[in-house]
Protein chains: 4
Amino acid sequence: MTDSGMEQTIIETAERLFVERGYALTSTTDIAREVGCNQSLINYYFRSKEKLFQAIFEKNAIIFFSLVKEPLEKNIPFLEKIRILAESHFQILLQHAKVPFFILNEIGTNPKQMEAIKSIAKQSLHAIIPVLEHELAVEIAEGRVRNTTLFDILLSMASLNLGVFLFPPILENIMDLGDADVRSLLQQRGKEHARILVTSLLP
Amino acid sequence: MTDSGMEQTIIETAERLFVERGYALTSTTDIAREVGCNQSLINYYFRSKEKLFQAIFEKNAIIFFSLVKEPLEKNIPFLEKIRILAESHFQILLQHAKVPFFILNEIGTNPKQMEAIKSIAKQSLHAIIPVLEHELAVEIAEGRVRNTTLFDILLSMASLNLGVFLFPPILENIMDLGDADVRSLLQQRGKEHARILVTSLLP
Amino acid sequence: MTDSGMEQTIIETAERLFVERGYALTSTTDIAREVGCNQSLINYYFRSKEKLFQAIFEKNAIIFFSLVKEPLEKNIPFLEKIRILAESHFQILLQHAKVPFFILNEIGTNPKQMEAIKSIAKQSLHAIIPVLEHELAVEIAEGRVRNTTLFDILLSMASLNLGVFLFPPILENIMDLGDADVRSLLQQRGKEHARILVTSLLP
Amino acid sequence: MTDSGMEQTIIETAERLFVERGYALTSTTDIAREVGCNQSLINYYFRSKEKLFQAIFEKNAIIFFSLVKEPLEKNIPFLEKIRILAESHFQILLQHAKVPFFILNEIGTNPKQMEAIKSIAKQSLHAIIPVLEHELAVEIAEGRVRNTTLFDILLSMASLNLGVFLFPPILENIMDLGDADVRSLLQQRGKEHARILVTSLLP
DNA sequence: TATGAATGAGTCTTCATTCAT
DNA sequence: TATGAATGAAGACTCATTCAT
């Protein structure tokens with residue numbers, strides 16, 4: 001802990017615990033114990049458990065809704081864009097494996113969070129959706145893509161990609177695989193998902 | 001309310017609340033209030049909140065791992081079986097829309113539940129996996145299915161199907177769609193998933 | 001403490017402490033300690049400190065606004081009514097010497113209490129004010145009472161009577177009188193107040 | 001803010017808040033926030049919340065016990081002195097409308113304050129009481145004033161005058177009068193009180 | 001079978017105060 | 001003179017559980 005990095009330490013510890021156990025099951029006492037500080041200090045810096053949580057939640061919500069790291073290049077065929085999108089989304093999740101569970105959990109657990117998420121989601125998605133929607137219409141019209149909706153495509157993509165990060169703890173256990181085994185099995189799933197998606201879009 | 005009507009009512013109410021809000025956010029006080037009985041009665045019948053919960057959790061875990069309602073007929077081509085499996089799984093979830101979130105949540109939140117789940121999962125899956133695994137090997141060998149693993153297939157299936165029941169609350173909100181709209185959009189996803197899966201398996 | 005008179009004991013102890021020290025300075029821990037019970041028990045019976053307080057506050061507010069024990073007889077001259085009223089009010093306060101301070105304190109301290117008091121006050125006063133107002137008008141018109149308002153009369157009465165119960169603790173101290181001395185000095189103030197009031201009303 | 005401007009600002013702000021809300025309901029945090037300074041600064045200057053309060057309390061206690069701004073002229077008839085006293089007391093209160101409630105509240109709430117007040121009260125009153133007491137005896141002996149005690153007279157005076165500043169918040173509410181209405185009703189009460197007092201002293 | 005009373009541990013929060021700088 | 005960090009005690013409240021009936 002550097003020159004009074006307490007505030008930072010608290011945030012980091014809180015993030016770890018919140019993401020691991022969720023809001024309800026993480027007490028400020030837990031955080032303080034782990035940080036090694038007085039419990040009041042948490043309130044001193046963040047005023048309330050909820051305020052501390054909210055900052056962390058929103059930071060992770062942004063990750064949750066990140067589809068790409070850099071904007072998609074324009075002059076790329078539609079299906080190629082979908083493939084890039086899927087892989088990129090997968091890579092982002094790979095770096096934040098626990099985030100999907102955390103966000104899903106908190107949203108399901110506290111409906112109030114839906115509100116907090118709305119603008120984050122829109123901001124993330126509206127950069128990408130209108131363009132794709134238009135391109136998809138063209139592709140369908142010209143017979144290069146089977147008749148479907150962008151909503152369906154994105155839902156499939158999200159499902160495939162997120163599934164990999166939601167179910168593994170279960171899979172590890174029921175398949176008696178080690179953490180490492182599962183991880184390596186999953187590494188290749190990113191490309192596989194992209195392939196599944198693109199294949200499913202061919203007429 | 002019949003003879004042991006109370007006990008039953010408590011279980012049912014508890015199930016509803018636990019599935020809706022999760023273990024941590026459901027207090028025995030809540031349950032008692034909703035049931036309209038004394039708070040002690042819950043402990044009288046079930047010894048502890050945790051024991052009451054455990055029964056309910058395991059019941060729902062069984063649902064969560066149910067892939068089919070009836071055993072698959074034997075003399076059906078492999079790909080057809082996969083199609084049936086996917087659709088059947090989807091239909092089961094459709095009847096228990098809140099279960100996936102509940103189970104995932106509880107597992108992620110309380111690692112102890114992994115243990116409880118292991119045998120349930122194995123029992124469900126081992127009825128089906130060895131056969132399919134063998135058939136898949138044959139199909140691949142004979143060039144009718146591209147080279148892949150059953151693990152991959154089932155993970156894709158689970159991801160696609162469960163995604164539909166995990167994300168809609170989010171989708172509803174960020175897309176400003178009504179509950180009904182989303183529901184109807186999803187109805188057709190069952191067959192779509194089967195199609196995606198099967199397509200993705202073709203060589 | 002009779003057959004589980006806990007609830008009653010709590011109310012009584014709480015009333016004593018609240019009246020003595022006020023809401024802010026009485027902790028539920030204090031009450032529990034004095035009662036000799038677990039602190040949770042207070043919440044068990046009354047849900048919250050505030051609810052426990054509110055009942056007590058309103059009970060005392062009713063006393064605070066009680067001017068007469070029995071309705072005034074009709075066929076009594078106006079000035080005689082005022083005299084009876086003043087003496088009656090004084091007697092009521094004599095039996096609840098600490099109430100005025102308590103009520104004044106809580107109102108001044110928590111503006112929200114004004115709302116709680118409104119209806120109590122109106123109920124108490126509106127039984128008596130309209131009649132007196134009309135009679136006063138007649139008396140003035142016929143020259144038997146000097147020109148004034150009922151508001152002034154009642155404010156004078158309240159001031160004189162309540163003053164006796166608000167300042168004595170101070171008087172006791174600065175005059176180095178014993179509690180008993182002051183008390184006896186005050187006993188006679190009831191009639192004195194009535195006299196002052198009536199005298200002041202003569203033309 | 002001049003050299004020691006902070007210290008002064010803190011005192012002034014503290015006084016305003018303490019008088020408005022009382023000791024118990026005013027936190028040093030509140031004061032610091034309102035002043036716009038660090039919370040520690042209050043402790044730095046005044047060692048403790050209580051010491052800060054004590055100075056303020058005593059200053060206001062002096063006001064509370066002030067009966068006259070200038071010493072009464074000697075060669076004035078007794079009843080005229082009483083009249084002047086009453087009006088003068090009323091005028092002082094008019095300039096410090098919130099003080100009576102504050103002092104009464106703190107005394108009733110914290111018995112320790114009685115001690116602090118004793119000498120202040122004595123100092124204020126003993127400048128005036130012995131003389132008046134002697135003059136009253138003469139007046140009574142010569143039949144110009146009815147038989148009473150100075151204690152009674154001063155208590156009546158204090159009651160009438162202080163009542164005006166203690167009850168208005170209540171009156172405003174239960175009579176549905178505006179702040180301004182009540183204020184104007186009360187403006188004239190000063191002279192009225194003097195009249196009531198003097199009248200009540202005539203034989 | 002069913003209940004109300006009672007408890008103890010734990011949660012979040014507020015607050016006055018202290019300390020090093 | 002002035003500050004931010006940190007603390008410990010206390011406050012109200014919730015909750016699962018136990019006990020006697």
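Side chains are part of it too, since the values below use all heavy atoms of this structure and drop only hydrogens, waters and symmetry mates. Everything numeric in this text was worked out from a predicted model, so none of it was measured. Within every chain, numbering begins at 1; the chains are lettered A, B, ... in the order of the sequence lines, protein sequences first and strands thereafter.
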Check your understanding: Going from CZ on A:Arg16 to CD1 on A:Ile56, what distance comes out if it is rounded to the nearest 0.5 angstrom?
Key -> 11.0 Å
Check your understanding: Side-chain donor or acceptor of A:Tyr44 under 3.5 Å from a matching atom on the base of F:dA6?
Key -> no
Exercise for review: State, to 0.1 Å, how close D:Phe46 and D:Lys51 come at their nearest heavy-atom pair, and which atoms those are.
Suggested key: O-CB, 3.2 Å
Point to revise | 5'-most by nearest nucleotide on DNA chain E - A:Lys49 or D:Thr28 | key: A:Lys49
Review point. How many Å lie between CZ on A:Phe18 and P on E:dT11, as a whole number?
Key: 13 Å
Practice item. Rounded to the nearest angstrom, tell me the gap between atom CZ in A:Arg21 and atom P in E:dT11. Key: 11 Å
Point to revise | Distance in angstrom units between A:Tyr45 OH and E:dT13 C1', rounded | key: 18 Å
Revision key, fill the gap. Re F:dT3: Watson-Crick or G-U wobble partner, both distances kept under 3.5 Å, found to be E:dA20
Exercise for review: Ignoring backbone atoms, establish whether B:Ser48 has a side-chain N or O less than 4.0 Å from OP1 or OP2 of F:dA16.
Suggested key: no
Review point. Once you round it to whole Å, what is the distance between P of F:dA16 and CG of A:Leu25?
Key: 12 Å
Practice item. Look at all strands and tell whether C:Ser40 reaches a base, only sugar-phosphate, or nothing, counting heavy atoms closer than 4.0 Å. Key: base
Check your understanding: Could you give the CZ-to-P distance, from A:Arg47 to F:dA5, as a whole number of Å?
Key -> 13 Å
Exercise for review: Nearest-nucleotide wise, let me know which of A:Leu41 and C:Asp30 is further upstream toward the 5' end of DNA chain F.
Suggested key: A:Leu41
Check your understanding: Rounded to whole angstroms, how far apart are CZ on B:Phe46 and C1' on F:dT17?
Key -> 16 Å
Check your understanding: Are A:Phe18 and A:Phe53 close enough that their ring centres sit under 6.0 Å apart?
Key -> yes
Exercise for review: Would you kindly give the CD1-to-C1' distance between A:Ile42 and E:dC15, to the nearest whole Å?
Suggested key: 17 Å
Practice item. Apply salt bridge (charged side-chain N to carboxylate O under 4.0 Å, His left out) to A:Glu106 and A:Lys112, showing your working. Key: CA-CA 9 Å; A:Glu106 295 303 329; A:Lys112 231 190 57 186; over 6 Å; no
Study note, to complete from the structure: Between CD of B:Glu7 and C1' of E:dT3 the distance, given in whole Å, is 17 Å
Practice item. Would you kindly compare A:Asn43 and B:Gly36 by the position of their nearest DNA chain E nucleotide and give the one closer to the 5′ end? Key: B:Gly36
Exercise for review: Return yes if the base of E:dC12 and the side-chain atoms of A:Gln39 contain a donor-acceptor N/O pair under 3.5 Å, otherwise no.
Suggested key: no
Study note, to complete from the structure: Assign each of D:Asn38 and C:Tyr23 the nucleotide of DNA chain F bearing its closest heavy atom; nearer the 5' end lies the nucleotide of D:Asn38
Practice item. Verify the neighbour count for atom CD of C:Gln123: are there more than 12 heavy atoms of other residues, nucleotides or ligands below 6.0 Å? Key: no
